[in-house]
> 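Before I ask anything, here is the structure I am working with.
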Number of protein chains: 2
Amino acid sequence: MLATMNTCTITKLARAFGLSRSTLLYYDRIGLLPPSGRTAAGYRCYTQRDRQRLERICHFRQAGLTLADIRTLLSSSGKPNAKLLERRFRELGGQLLELRSQQRLLASMLKGVAAGKCPPAVDRVMWVKMLRAAGMDDRAMGRWHTEFERRAPDAHQEFLVSLGIPESEIQRIRKSSAEGAW
Amino acid sequence: MLATMNTCTITKLARAFGLSRSTLLYYDRIGLLPPSGRTAAGYRCYTQRDRQRLERICHFRQAGLTLADIRTLLSSSGKPNAKLLERRFRELGGQLLELRSQQRLLASMLKGVAAGKCPPAVDRVMWVKMLRAAGMDDRAMGRWHTEFERRAPDAHQEFLVSLGIPESEIQRIRKSSAEGAW
DNA sequence: ATTGACCTGTCTATTACTTCACAGTTTAGG
DNA sequence: CCTAAACTGTGAAGTAATAGACAGGTCAAT
């Protein structure tokens with residue numbers, strides 16, 4: 001008899017929050033989320049309070065804070081400590097820029113592959129498929145062209161040509177991209 | 001006498017590529033970038049070829065490939081292996097989405113802080129400052145509003161109100177955001 | 001009671017580094 | 001020539017956030 005109606009075991013808690021058992025074990029080990037009790041058999045017993053704490057933890061994790069930061073936030077509870085948030089926000093901005101540059105870089109690499117010796121049939125259709133697979137919708141794809149046009153117009157032109165897109169459509173795309181009118 | 005004009009020491013190489021000495025030591029240890037030679041004293045001697053290899057490594061790292069993948073790419077040189085790139089591209093798309101959601105979340109948290117008890121004077125000016133500090137330019141800020149409006153119109157409204165922006169301007173901003181006309 | 005599925009705890013491995021400690025080497029200045 | 005700073009090497013240990021292996025515990029159905 002474990003669940004006294006209000007407690008739950010580690011795997012159940014993990015599933016409820018979309019985490020892995022290992023993660024909760026880890027959180028226990030570092031003292032971030034020790035279960036309120038144990039059963040006779042030594043099983044961890046998580047209470048409602050534990051669940052609430054975990055919810056806050058997940059919330060902060062979602063926002064990308066480190067466990068150390070979260071510990072600080074939870075212990076010095078009350079004070080929102082906007083400094084931490086602001087710092088993280090700044091970091092996020094950098095990360096976004098970095099990711100976008102990665103994407104551009106990868107794009108050019110794939111372009112190189114497509115244009116180079118080993119042409120794995122990366123034509124327009126294939127590209128659109130890949131971009132969709134990467135989670136892009138039409139709007140995002142428009143933004144992608146806009147970014148490409150803004151940062152590297154020449155490469156953008158080259159890229160479109162490499163996809164075998166007719167000149168007339170290239171003009172249209174680049175014009176739209178330049179205006180950001182998506 | 002170390003530098004025979006074409007070789008350089010570990011720290012110099014590290015500085016040239018914006019890496020730490022430890023990183024290069026690590027790359028040597030795992031056999032990813034062993035220096036071409038050593039001085040009599042045993043100091044690592046990096047040649048031009050080593051630098052080129054490191055440049056490729058950095059290039060791939062920039063794109064987010066793991067060192068294992070990079071090793072594969074560099075050893076099976078020639079074959080572009082578009083599979084790896086494509087896979088990474090997919091991952092990137094996911095990461096970008098994730099980051100954007102983080103940003104939104106953080107935004108709402110900061111909003112809460114601003115609206116809540118501990119008001120660290122997060123008004124409009126402060127926000128713009130923060131967003132700029134996060135690397136946003138006007139265009140990016142427009143996109144940010146657009147995203148906000150698209151995904152959470154109510155929260156967007158609330159947010160703008162919380163910044164003390166007059167109703168008339170809020171209308172204007174939200175209308176523009178909805179159209180994505182930035 | 002027993003089987004089999006699923007659960008538990010602990011311990012170890014992973015990635016890409018970083019930090020540390022300690023001893024030898026090079027270099028610039030006096 | 002000497003000394004102090006700055007560099008070098010090795011090796012060990014630490015980091016985040018899990019993932020996986022493993023032996024054993026628990027539970028529902030038979």
Side-chain angles (χ1 to χ4, degrees), chain A residues 1-4 7-46 50 54 57-73 88 91 95 98 102, chain B residues 1-4 7-46 50 54 56-74 84 87-88 91 95 98 102:
Chain A
M1 202 71 70
L2 283 185
T4 58
T7 68
C8 70
T9 60
I10 191 167
T11 296
K12 275 178 188 148
L13 187 63
R15 297 230 172 109
F17 281 82
L19 301 172
S20 74
R21 191 176 70 104
S22 301
T23 302
L24 294 185
L25 288 171
Y26 177 63
Y27 288 174
D28 182 12
R29 199 165 70 229
I30 66 173
L32 183 64
L33 183 73
S36 293
R38 297 274 188 141
T39 68
Y43 285 19
R44 289 167 180 79
C45 249
Y46 292 94
D50 296 334
L54 181 54
I57 292 173
C58 287
H59 193 229
F60 286 125
R61 276 268 312 140
Q62 264 280 323
L65 294 174
T66 69
L67 295 189
D69 286 345
I70 293 175
R71 197 200 306 265
T72 307
L73 274 172
R88 175 57 196 159
E91 282 168 10
Q95 275 180 288
E98 198 185 331
Q102 277 185 29
Chain B
M1 201 72 68
L2 284 185
T4 58
T7 69
C8 70
T9 59
I10 191 166
T11 297
K12 273 176 188 151
L13 185 63
R15 295 224 174 114
F17 280 81
L19 302 173
S20 74
R21 186 177 79 108
S22 304
T23 301
L24 294 184
L25 286 172
Y26 177 65
Y27 287 173
D28 183 11
R29 200 163 67 228
I30 66 173
L32 183 63
L33 182 73
S36 294
R38 298 274 189 138
T39 68
Y43 284 21
R44 287 167 181 79
C45 252
Y46 292 94
D50 296 334
L54 181 54
R56 292 190 73 194
I57 292 173
C58 288
H59 193 228
F60 286 124
R61 277 279 307 145
Q62 263 280 323
L65 294 174
T66 69
L67 296 189
D69 286 344
I70 294 174
R71 198 199 307 264
T72 306
L73 273 172
L74 292 185
L84 284 176
R87 200 192 71 205
R88 176 55 197 159
E91 282 169 9
Q95 276 180 286
E98 198 184 332
Q102 279 185 27

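Naming convention: chains lettered A, B, ... in sequence-line order (proteins, then strands); numbering from 1 in each chain. All figures in this text were calculated on a predicted structure; none of them were measured in a lab.
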> Generate the contact string for nucleotides 9-22 of chain C. Rules: B means base contact, S means sugar-phosphate contact only, - means no protein heavy atom under 4.0 Å.
BB-----BBBB---

> Report the distance from atom CG of A/Leu33 to atom CG of A/Leu25, rounding to the nearest 0.5 Å.
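Answer rounded to 0.5 Å: 11.0 Å.
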
> Between C1' on D/dG14 and CD1 on A/Ile30, what's the gap in Å once rounded to a whole number?
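The distance from CD1 of A/Ile30 to C1' of D/dG14 comes to 15 Å, rounded to the nearest Å.
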
> Does some side-chain heavy atom of A/Tyr46 sit less than 4.5 Å from a side-chain heavy atom of A/Leu24?
yes

> Nearest whole Å is fine: how far is D/dG9 P from B/Lys12 NZ?
12 Å

> When you measure from the side-chain N and O atoms of A/Arg71 to the phosphate of D/dA16, is any distance below 4.0 Å, counting only OP1 and OP2?
no

> Drop me the distance from B/Leu74's CG to B/Asp69's CG, to the nearest 0.5 angstrom.
11.0 Å

> From B/Phe17 CZ over to B/Leu54 CG, what is the distance, rounded to the nearest 0.5 angstrom?
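So the gap between those two atoms works out to 4.5 Å.
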
> Give me the atom names and distance for the closest heavy-atom approach of B/Pro34 to B/Leu32.
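What the structure gives for the nearest pair is CD-C, 3.7 Å.
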
